[in-house]
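What follows is a short report on a single structure.
Heavy-atom basis, side chains included; hydrogens, waters and symmetry copies ignored. Per chain, numbering begins at 1; letters A, B, ... match sequence-line order. Given the structure is predicted, the values throughout are model-derived calculations rather than measurements.
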Number of protein chains: 2
Amino acid sequence: MNTPESIKKTSSYHHGNLKESLLTTALEMVDKEGIDALTLRELTMRLGTSRSAVYRHFPSKEALILGVIEKGYERLDLLLTPIFQDKHSSVAERFDRMGREYLDFAIHHPTLYRLLFGDKYHREREELCDYKDENQATGLYALIGLLLEAQEQGIIAQANPMVQAAMVWASIHGLASLLIDGHLLMRENMEEIYVYSQSVLLNGLKRIPKDE
Amino acid sequence: MNTPESIKKTSSYHHGNLKESLLTTALEMVDKEGIDALTLRELTMRLGTSRSAVYRHFPSKEALILGVIEKGYERLDLLLTPIFQDKHSSVAERFDRMGREYLDFAIHHPTLYRLLFGDKYHREREELCDYKDENQATGLYALIGLLLEAQEQGIIAQANPMVQAAMVWASIHGLASLLIDGHLLMRENMEEIYVYSQSVLLNGLKRIPKDE
DNA sequence: ACCTGAACACCGTTCAAGT
DNA sequence: ACCTGAACACCGTTCAAGT
């Protein structure tokens, strides 16, 4: 309140940290009201700025959404990384907990989940975003690490961990997608399906597919 | 050319079968140019009618797209049903061929696939569409039938076929989705991943998950 | 019955003008 | 530097008016 900076910050003209506010509010709108509810008019009205102020910080609405996606990946990683790194739990236990946490994230943040793992804002990422796609892969690399541990302990068969991870991720992602998009009319059977899926995966991964 | 009806059909005012033309052209546009390319202005311009002519046959653009989805399900069923019904092939063979055909459909018609199995035009189906959702499930019921055959032959363990089908479908759907949405950077390894997935699924389905 | 053309309310984006 | 407000080019939808 004493420095000129603080006065400047509380002025209505200079918004302070408009870029961060845009990202946070946009993520909240997407998450709670759906992707269609995110219009620049509504977003800027809530923040008390004009529409075109957005273009001081992002070249386009798409670029803003890519920033939201980045924030989304961080949130998911924040949930998954501690589980992966919890060396007190067994591999099988962490495998189960990571799957559950991933599914829970999709169920509680369906719009955000579709944004992260859909196609709409994926192709353009390489062109528009200034960050590397490390974040996109951290979750997958954690899974690969877990599968390597499982291989070492003899819980699953030795095989290309990238291929194993792709298969496992596809299974969970497919389950999450079908669920949140309303194609599995068995939300009440969800626990049964999840437990069954995990057991089929673990059982299937035990054997090396040799023939043909 | 002789009857009044045929003359009427060739007239430019009465379009003949505008509803069917709308659906066919819309599906083609979606399939070849993406969902965003489908605007009523472009669609009606190609068919030589006014924009509002659409509203004589569909209450909204959304309803038109639901019709396109219906046509899409028919096309997929046309590909899968013959494989399922080919009793000359073994169960394992049909399981493999159905998976491949399903994946091929997704890869060759990504936008249409997302339309069929995404969320955007799914929630509203029950309210807007006049047809039953049989078509949506025929593919799933075919899979359930195949799994029941496999159970009878002792190829896989006895279990709730609905749960088994959900798990298998989720795996293939997840693979298809990650692929066409660009999240698996291994399109060249696709054959390896698919073969591995199928073997993990079949191996995993062999054992009954008893414990826990 | 079926279609037209103008109008409406939205959207993202641009840009000269303000401070 | 940062923001404003008006304007632009799109979109789906509506409706009085034509045949």
B:Tyr141 ring center near B:Phe84 ring center (under 6.0 Å):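 Not under 6.0 Å, so no.
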Between B:Arg41 and A:Ser50, which is nearer to the 5' end of DNA chain D once each is assigned its nearest nucleotide?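 On the 5' side of the pair lies A:Ser50.
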Does D:dC11 have OP1 or OP2 sitting under 4.0 Å from an N or O in the side chain of B:Thr39?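 Yes.
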Between B:His57 and C:dC2, does any side-chain N or O lie under 4.0 Å from OP1 or OP2?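 No.
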Whole-Å distance separating the NZ atom of B:Lys61 from the P atom of D:dT13: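 About 8 Å, once rounded to whole Å.
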Taking atom P of D:dT14 as reference, at what distance in whole Å does atom OH of B:Tyr55 sit?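 That distance rounds to 6 Å.
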Taking all atoms of both residues into account, what is the closest heavy-atom pair of B:Met29 and B:Ala37, and its distance?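 Residues B:Met29 and B:Ala37, closest heavy atoms: CE-O, 3.3 Å.
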Residue that, paired with B:Asp31, satisfies side-chain hydrogen bond (donor to acceptor under 3.5 Å, both in side chains) out of B:His108, B:Arg75, B:His109: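 For B:Asp31, the side-chain hydrogen bond (donor to acceptor under 3.5 Å, both in side chains) test succeeds with only one of B:His108, B:Arg75, B:His109, which is B:His109.
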Any side-chain donor-acceptor pair under 3.5 Å between B:Ser171 and A:Ser171?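 Yes - a donor-acceptor pair under 3.5 Å links their side chains.
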If you look at every strand shown and take non-hydrogen atoms under 4.0 Å, does A:Leu38 touch a base, only sugar-phosphate, or nothing?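 Answer is sugar-phosphate: A:Leu38 comes under 4.0 Å of backbone atoms only.
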Would you mind pulling out the nucleotide paired to C:dG18, Watson-Crick or G-U wobble, both distances under 3.5 Å?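 D:dC2 is the nucleotide pairing with C:dG18.
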With both distances under 3.5 angstrom, what nucleotide forms a Watson-Crick or G-U wobble pair with C:dG12?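 The base-pairing partner of C:dG12, which may sit in any strand shown, is D:dC8.
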